[in-house]
Amino acid sequence: MVQATTVIGETDRRMTEELSITYEGARLALSFSDPPQAALRINGLIRETAASEQSNITLKLTSTVQTDYEWHEFIEGIVEFSDKGIK
């Protein structure tokens with residue numbers, strides 16, 4: 001089950017949204033906020049970040065995660081920012 005949370009930053013008072021899930025024993029989290037920025041975390045470690053000054057942009061974050069002894073999965077997070085909102 002995907003869990004969604006909203007966090008307000010201590011210093012910049014910016015709201016950050018986060019979608020998280022546990023998949024095959026790995027904790028995956030995609031956080032994002034406006035102005036456009038996003039971070040992909042796997043087991044609490046930031047694997048990739050992206051940001052832009054453009055208001056209409058798609059940010060794409062990718063990484064691999066080990067889900068078994070010699071098994072790896074490709075993880076991708078896509079966040080679309082537009083004047084109509086964030087998808």
State, with a plain yes or no, whether a side-chain heavy atom of [X] is found less than 4.5 Å away from one of [Y].
{"X": "L59", "Y": "F32", "value": "no"}
{"X": "R27", "Y": "S20", "value": "yes"}
{"X": "V79", "Y": "T58", "value": "no"}
{"X": "L30", "Y": "L61", "value": "yes"}
{"X": "S55", "Y": "D83", "value": "yes"}
{"X": "W71", "Y": "E24", "value": "no"}

Quiz item: Rounded to the nearest 0.5 Å, what separation is found between the CZ atom of R41 and the CD atom of E18?
Solution: 6.0 Å
Quiz item: Would I78 and F81 show up in the same hydrophobic cluster when neighbours are defined by side-chain heavy atoms closer than 4.5 Å?
Solution: no
What closest approach, in Å, do [X] and [Y] show between heavy atoms, and which atom pair accounts for it?
{"X": "A26", "Y": "V65", "result": "CB-CG2, 3.5 Å"}
{"X": "T16", "Y": "S31", "result": "CG2-CB, 3.9 Å"}
{"X": "I57", "Y": "P36", "result": "CG2-CB, 3.9 Å"}

Taking distance alone, no hydrogens or angles, what donor-acceptor pairs closer than 3.5 Å link side-chain atoms of residues 45-52 to residues at least two apart or in another chain?
{"residue": "R47", "atom": "NH1", "partner": "S63", "partner atom": "OG", "Å": "3.0"}
{"residue": "R47", "atom": "NH1", "partner": "T64", "partner atom": "O", "Å": "2.8"}
{"residue": "E48", "atom": "OE1", "partner": "T62", "partner atom": "N", "Å": "2.6"}
{"residue": "S52", "atom": "OG", "partner": "Q54", "partner atom": "N", "Å": "3.0"}

Quiz prompt | Worked check of side chain to side chain contact (heavy atoms under 4.5 Å, CB included) between I75 and L28 | solution = CA-CA 9 Å; I75 304 298; L28 311 175; 3.9 Å; yes
Quiz item: Which residues satisfy the side chain to side chain donor-acceptor pair (under 3.5 Å) test with E76, sequence neighbours excluded?
Solution: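 Applying side chain to side chain donor-acceptor pair (under 3.5 Å) to E76 gives K60.
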